[in-house]
Amino acid sequence: MTKAPDFAALKKDFPILHTERNGRPLVFLDSAASSQRPTQVLDAMDWMYNHAYANVHRGVYGLAEAATNAYESARLKVARFIGSPDSSEVIFTKNATEALNLVARSWGGANLGDGDAIVLTTMEHHANIVPWQMMAAERGFEIRWIPLGENGQLDLTDLDVLLDGAKMLSVTSMSNVLGTITPLDRLISAAHAAGAKVCIDACQSVPHMRTRVDEMGADFVAFSGHKMLGPTGIGVLWGRHELLEEMPPFLGGGGMISNVTTEGFMPDAVPSKFEAGTPPIVEAVGLGAAIDYLEAIGMDHIRQHEIELTSYALRTLSERLGQAITIHGLSEPAQRGGVMSITLDGVHAHDVSQVLDGYAVAVRPGHHCAKPLMRELGVNATARASFYLYNDTSDVDVLADALIEAHRFFAT
Amino acid sequence: MTDLEDLYREIILDHYRSPRNSGELETPPAHRAEGFNPLCGDEIVVYLLVADDGTIADIKIGGQGCSISQSSASMMSAAVKGKTVAQVRDLMKSFKGLMSIAADGAELAEPSPSEIRELGDLAALRGVVKFPTRIKCATLSWNTLDQALAELDA
C-alpha cells in the first residue's frame with residue numbers, strides 16, 4: 001500500500017464543504033444518498049464543454065473524434081478501476097437504478113417466465129426490488145427472500161433451499177441503511193452452484209472500497225457515479241460479455257443499431273447495444289476524473305479512513321448519548337461501511353433531522369428506499385449519517401452535540 | 001422566537017406527547033382510510049364514524065410518524081369531532097390554506113382571521129410553512145381524512 005494521504009487536506013478540494021448553512025459550517029453526512037464532488041471533477045467537465053465537446057460515435061470531424069475518445073477513455077478508466085479485462089463489458093447508464101432495470105428487463109425478459117424463481121434479500125434498496133417485481137407481475141415468476149438475521153447481517157440458514165431451482169440472485173454488496181457488508185463470496189458460490197446468475201447492487205461499496213469484478217465472480221454489477229465523487233446522470237452496469245451478447249437490447253433508438261429497415265432492426269454489438277440515444281458524454285468524463293481522484297488517494301486508504309471514522313463514531317455516539325441512542329447494525333467497524341442508521345429514544349427521525357439541520361448537520365431521515373428492511377428492523381424511520389473521505393472526527397463531534405440537543409429538546 | 005421554536009410550539013409537542021383520539025373503531029360501521037408519506041415512511045390510519053344526521057360521531061387515529069404528522073392528526077381529530085361533513089370540508093380548506101396549498105384550480109388565499117379562529121389549536125402549525133419538506137407531514141392526516149370522506153360518498 002502506498003503512503004496514506006493527508007485526509008484533512010483533501011477537504012480543500014470540495015468548495016461546498018466550506019459553505020455555511022444557518023450561519024454554521026456545513027457538516028455533510030449524507031454521502032450514501034449522494035456524495036459531493038471535488039473541483040478536479042467539475043474542471044474536467046467544464047474543460048470538455050469548453051474545448052472538446054461534440055456528440056460521440058457520429059461525426060468524422062476532429063472535434064467529434066476528440067469527444068468520442070474522451071468518452072471511450074472514461075469507459076477504459078471504469079473498466080480498469082473495477083478490474084474488468086474487457087472495457088466493452090462496461091455499459092454507461094443514467095444511474096444504478098437504470099442499470100438494475102436493464103438487467104431485470106433485458107436479461108429477465110429473455111430468461112424468466114411462469115414457474116421460474118429469483119432470490120432477493122430483504123436488505124435491498126427499492127432499486128433492486130421494484131424492477132424485479134415489475135417483471136414478476138408481467139411474467140409470473142416467483143420472488144424468494146433471504147431474511148435479515150441477527151445484528152444486521154443476512155440470515156443464510158436456508159440459503160441453499162431458497163436458491164434451489166432459482167435462476168437469479170440479485171443482492172446488495174453493502175446495505176444503504178445499516179452499512180452491512182454482505183458475504184458475497186459465499187452468496188455467489190452458492191448461487192452458481194445452484195445454477196443461478198448473480199447481480200450485485202454495488203452502489204454503496206464501489207465508492208468506498210476496492211472492487212475487482214474479475215475476482216468477485218458475479219455476472220452483473222451495478223453502481224452510480226454520483227455516489228463516488230462523479231456527477232449525477234451517469235451510472236454503470238458491468239456484465240459478463242457472453243451474457244450481454246445474448247441479451248436483447250434495453251432501450252431502442254439511435255446509437256444501438258447496426259442496421260434499420262422498414263422491416264426491422266439489427267442491434268449493434270455490446271456495449272453500444274445498450275446505449276440508445278446520446279449518452280451522458282460529459283458525465284462519463286466527469287466520472288473518469290472522479291476515478292482519477294479516488295485512485296490517486298488509493299481505495300484501500302479510503303476504506304481504512306472510513307473504518308477509523310466509523311469506529312470513532314460508534315464509540316463517541318454510544319459514550320455521549322448512552323441509552324438514548326440505538327445504532328442499528330453490526331458493531332464491528334471492519335464488517336460495515338461508513339453508513340449508520342440511528343434512532344433516538346422518543347424522537348422521530350424526521351424531528352432529529354430537523355434539529356440537526358439547525359446545526360448545519362446534513363443527515364437523511366426516513367426509510368432510505370428500503371421499506372422491507374425497515375419493517376424487519378421494526379422501525380418506520382431512522383436518521384442516517386454516512387461518511388466519505390472528506391469527513392473527519394470533528395464532523396462526528398458536531399453530530400453528537402446536535403443529537404444531544406435534539407434529545408434534550410424533545411425528551412424533556 | 002427561533003424558526004425551530006416556531007415549528008415546535010408547545011401545543012404541538014403537547015399533542016405529540018399526549019395524542020387525542022388515538023385508537024381504532026370497528027369497521028363497519030366506521031370507515032377506515034390509510035395514508036402514507038412515501039418520502040419518510042410515516043403512516044396514518046383514520047377511522048371515521050358518521051352519524052345519521054351527517055355529523056362526525058367519532059374519529060380515531062392510528063399509525064406512526066414524526067411530531068408534526070402525529071400532532072396534526074391529533075389536533076385534526078379534536079377539531080372535526082361533532083362537526084358536520086360540510087363543516088369538516090370547510091375546515092380542511094382553511095387548513096390547507098394555512099399550509100399554502102390551494103384546491104385544484106383555485107387561487108391561493110391566506111385564511112381570514114375568522115378562519116384562523118375556527119382552526120383553533122391547528123393554527124399553531126402555521127410555523128410549518130417555513131419548512132416546505134414538513135408541509136406533507138402536517139397535511140398527511142387531512143389527506144387521509146379526505147380519503148375516508150370520499151369513501152362515504154362512494
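Throughout, a chain's letter reflects where its sequence line sits, starting with A, and its residues are numbered from 1.
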Exercise. Does atom NZ of A:Lys94 have more than 12 heavy-atom neighbours from other groups under 6.0 Å away?
Worked result: no
Exercise. Is it true that atom CZ of B:Arg89 has more than 12 heavy atoms of other residues, nucleotides or ligands lying nearer than 6.0 Å?
Worked result: yes
Problem set entry | Heavy-atom pair with the smallest gap, counting every atom of A:Gly346 and B:Tyr16 | O-OH, 3.8 Å
Seminar exercise, completed: Cut-off 4.5 Å, heavy atoms of chain B, and the answer for A:Val355 is both
Problem set entry | Other residues, nucleotides, ligands: >12 heavy atoms within 6.0 Å of A:Arg144 CZ | yes
Exercise. Side-chain contact, heavy-atom cut-off 4.5 Å: A:Asp357 with B:Phe131?
Worked result: no
For this session: Would you check if B:Arg134 and A:His350 make a side-chain contact, meaning some heavy-atom pair closer than 4.5 Å?
Result: yes
Exercise. How far apart are the closest heavy atoms of A:Asp351 and B:Tyr8, and which atoms are they?
Worked result: OD1-OH, 2.8 Å
Problem set entry | Residues, nucleotides or ligands: over 12 heavy atoms within 6.0 Å of A:Glu20 CD | yes
For this session: Please report the closest heavy-atom contact between B:Glu43 and A:Asn380, naming both atoms and the distance.
Result: N-ND2, 4.3 Å
For this session: State, with a plain yes or no, whether a side-chain heavy atom of A:His348 is found less than 4.5 Å away from one of B:Asp42.
Result: yes
